[in-house]
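Given the structure is predicted, the values throughout are model-derived calculations rather than measurements. Reckoned from all heavy atoms, side chains included, excluding hydrogens, waters and symmetry mates. Every chain is numbered from 1, with letters handed out A, B, ... down the list of sequences.
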Amino acid sequence: MYTNNNKPHTPFHSTATICPFSDMSNVVVLDNGGGFIKAGHGGEREPSTVIPNCLYRPLSSKKFLHPSPTSAADDLTSAAIRRPIDRGYLINPDLQRDIWNHLFSSLLRISPSNSSLLLTEPLFTLPSIQRATDEIVFEDLGFKSLFVADSPKLVHLYEASRRPYGLVAKAQCSLVVDCGFSFTHAAPVFQNFTLNYGVKRIDLGGKALTNYLKELVSYRSVNVMDESFIMDDVKEKLCFVSLDVSRDLQVARRRGRDNLLRCTYVLPDGVTHTKGFVKDPDEAKRYLTMMNRNAQPYSDLNQGSDRPDYAEKLEERKKVDLTKTEFDLTNERFLVPEMIFHPADLGMNEAGLAECIVRAVNSCHPLLHPVLFESIILTGGSTLFPRFAERLEMELRPLVPDNYQVKITTQEDPILGVWRGGSLLASSPDFEAMCITKSEYEEMGSARCRKRFFH
Amino acid sequence: MEDDVSNPLRRMSSRTRKIAPKMAAALASSDNRTQATLARLEALENDNAGMETVEPIDDDEASLDDDDDGYVQKKQSKSTKRKTRQAKALENARKAPRNFLELLHEANLESLPPHVPSYGKAAVGPPSSTCRRHFCTVCGFASNYTCVRCGMRFCSIRCQVVHDDTRCLKFVT
């Protein structure tokens with residue numbers, strides 16, 4: 001069973017019940033992802049700002065700049081990037097301090113000395129990295145207090161609060177699949193705690209997928225190796241998860257208009273448009289007409305393309321516009337996200353997502369298995385590929401014992417799911433009591449403070 | 001390949017090369033193909049893949065092509081105490097942020113008792129079935145053939161020609 005949460009917004013009821021906005025002590029909630037920083041004030045529904053967690057240097061500049069939250073203003077063509085995070089973990093604390101400084105002073109406009117910070121940290125963060133983080137938070141920025149949470153727990157909290165009578169809330173347990181920018185985790189959560197012995201990780205995330213797409217396009221058509229931001233956009237707009245790879249490969253091989261998958265992307269030229277765009281959005285959506293493999297044969301679908309206006313449009317599209325740089329995508333559109341399901345195809349010696357979930361569940365207590373399989377929550381930006389959940393269910397079902405149900409829940413906004421959970425936690429009345437304060441940190445040091453978070 | 005090694009006069013780049021432990025293992029192994037796949041996977045985690053020559057820290061070098069006269073003047077006056085390239089490279093290496101794999105190596109997670117979950121133990125591990133689909137590296141469709149020299153895949157003569165012309169042995173050095 002596969003459900004989708006894309007219902008009209010239910011009000012953020014749980015904040016209303018938990019937090020009456022009475023003592024609005026300033027809690028800053030910071031979901032510090034490898035790709036994007038999601039930051040805002042605790043208790044709110046939406047983060048105030050979402051910026052890429054990097055500095056970039058456009059061709060026209062000698063210095064690295066801070067990306068603005070409305071990225072429309074920046075010219076990101078061929079920009080070099082510096083990221084503080086590598087493989088999901090903080091490796092460049094100086095750079096991160098820079099970015100946070102900018103974030104708190106110019107974007108959020110808060111003063112750290114009278115605010116608390118709720119920070120997300122990836123699972124299994126190395127002690128040396130934790131120490132570096134604490135140093136930035138307390139010594140450089142001077143926050144009043146700090147709470148560090150891992151993301152699966154926050155996602156669980158958010159989902160449980162969204163549906164107080166759902167299975168996740170009643171059983172107090174769920175399996176959070178976080179497919180983010182740097183890696184993918186399948187993490188069982190029980191009683192609001194992530195069972196870290198059950199967590200399984202695939203070292204593939206949005207960044208690797210973008211780079212893979214870059215590599216394919218650069219080899220096959222235009223060199224886009226230094227266009228990270230543009231290729232991110234291509235990936236988000238054009239890639240999808242195939243429900244039947246061998247069939248889709250056949251479709252992608254066809255010529256002309258029979259090829260339902262071919263799609264053209266126009267690169268920015270820096271003069272008339274600084275953003276790349278999909279040449280024909282209708283064309284990009286044609287693959288949706290191919291339903292499940294057993295739904296209908298293709299012959300019916302091609303009839304539509306015989307209409308004269310369609311043919312005309314096709315002629316127009318065929319003309320190569322020499323003023324624009326563009327490239328076609330066909331099988332790349334689904335072979336790129338395919339890697340999450342079959343990393344072995346890429347030469348990685350790692351199991352795919354479905355197997356990863358099964359292994360994560362199997363490492364928990366047997367009594368939890370049926371409940372975990374029935375409460376799989378998808379979060380993270382890479383789950384936004386169309387049909388991600390359908391494909392996952394298709395692969396997962398044969399691996400799960402018959403008498404267990406499989407139910408996959410998608411979040412309405414997977415990128416912000418963790419942040420919203422954090423916001424919820426920050427607005428709970430006993431949040432302040434869970435934090436470590438600056439004086440405690442000064443007295444005990446990083447390692448002993450961290451014990452409180454059970455890391 | 002042998003020529004390069006035997007020629008001691010060949011000028012090497014002074015740019016420091018950082019090698020991840022996994023990569024180092026691959027370089028040590030004689031199997032060119034594993035080496036190539038590991039290098040490729042490493043490249044997928046790279047931020048600025050296309051700009052290997054750009055050194056983010058080295059501002060002097062990056063702005064050499066600046067045709068600002070005053071700047072060039074200043075540069076010349078400074079040139080007496082200009083550091084050697086090697087010294088500079090060493091300094092950069094010290095300043096440069098370390099790779100995650102280096103940090104991981106430093107953390108010495110192997111020393112933890114076996115029941116403690118850690119980064120290494122959370123890895124999902126090899127797939128249960130070893131069968132692997134192969135896609136043509138040139139056009140992306142299912143491929144039946146392997147390049148005898150470098151091990152990359154292709155699906156047809158046409159793709160083989162493209163492969164041989166463009167990137168056979170490119171990842172295997």
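- Residue Leu249(A) touches chain B through both its backbone and its side chain, counting heavy-atom pairs closer than 4.5 Å.
- Looking at Leu104(B), the atoms closer than 4.5 Å to chain A (heavy atoms on both sides) sit in the backbone and in the side chain alike.
- Among Lys200(A), Gln250(A), Glu332(A), Arg201(A), the residue with the largest count of heavy-atom pairs under 4.5 Å with chain B is Arg201(A).
- The part of Thr137(B) that comes within reach of chain A is its backbone (N, CA, C, O), which places non-hydrogen atoms under 4.5 angstrom from that chain.
- Contacts between Leu346(A) and chain B at a heavy-atom distance below 4.5 Å involve backbone atoms as well as side-chain atoms.
- Looking only at heavy-atom pairs under 4.5 Å with chain A, the residue among Ala107(B), Gly120(B), Gly125(B) that has the most is Gly125(B).
- Ring pair Phe124(A)/Tyr89(A): centre-to-centre distance not below 6.0 Å.
- With a 4.5 Å cut-off on non-hydrogen atoms, Ala187(A) does not touch chain B at all.
- Both the backbone and the side chain of Val138(B) come within less than 4.5 Å of a heavy atom of chain A.
- Listed for the Ser118(B) side chain is no donor-acceptor partner under 3.5 Å among the backbone atoms of Leu109(B).
- Of the atoms belonging to Leu41(B), it is side-chain heavy atoms, and not backbone ones, that fall under 4.5 Å from chain A.
- Note: Tyr56(A) and Phe229(A) have perpendicular aromatic rings, judged against thresholds of 30 and 60 degrees for the angle between ring planes.
- A 6.0 Å sphere centred on CZ of Arg132(B) holds more than 12 heavy atoms belonging to other residues, nucleotides or ligands.
- Interface remark: Tyr212(A) contributes backbone and side-chain atoms alike to the contact with chain B (heavy atom separation under 4.5 Å).
- Proximity to chain B (any heavy atom under 4.5 Å) is restricted, for Val245(A), to the side chain, taken from C-beta onward.
- Inspection of the Ser182(A) and Lys207(A) side chains reveals no N or O donor paired with an N or O acceptor under 3.5 Å.
- The ring of Tyr119(B) has its center closer than 6.0 angstrom to the ring center of Phe100(B).
- Between Arg97(A) and Asp94(A) there is a salt bridge, since a side-chain N of the basic residue sits under 4.0 Å from a carboxylate O of the acidic one.
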Before you tell me yes or no, could you show the steps for Arg153(B) and Thr146(B) under side chain to side chain donor-acceptor pair (under 3.5 Å), namely the whole-Å CA-CA distance, both residues' side-chain angles and the distance that decides it to 0.1 Å? CA-CA 5 Å; Arg153(B) 311 284 300 204; Thr146(B) 309; 3.0 Å; yes
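- Here the side chain of Lys121(B) pairs a donor or acceptor atom with the backbone of Val116(B) at under 3.5 angstrom.
- Remark: the backbone N or O of Asn46(B) is paired with a side-chain donor or acceptor of Asn211(A) at under 3.5 angstrom.
- Residue contact with chain B, scored on non-hydrogen atoms closer than 4.5 Å, is absent for Ser363(A).
- With a threshold of 4.5 angstrom between heavy atoms, Asn331(A) approaches chain B through side-chain atoms but not through N, CA, C or O.
- Using a 4.5 Å cut-off between heavy atoms, Leu90(A) touches chain B through its backbone atoms (N, CA, C, O) alone.
- At a 4.5 Å heavy-atom cutoff, the contact between Arg253(A) and chain B is made by backbone and side-chain atoms alike.
- Heavy atoms closer than 4.5 Å to chain B are found in the side chain of Arg359(A), but not in its backbone.
- For the set Ser246(A), Ala252(A), Gly198(A), Pro343(A), the entry with the most heavy-atom pairs within less than 4.5 Å of chain B is Ala252(A).
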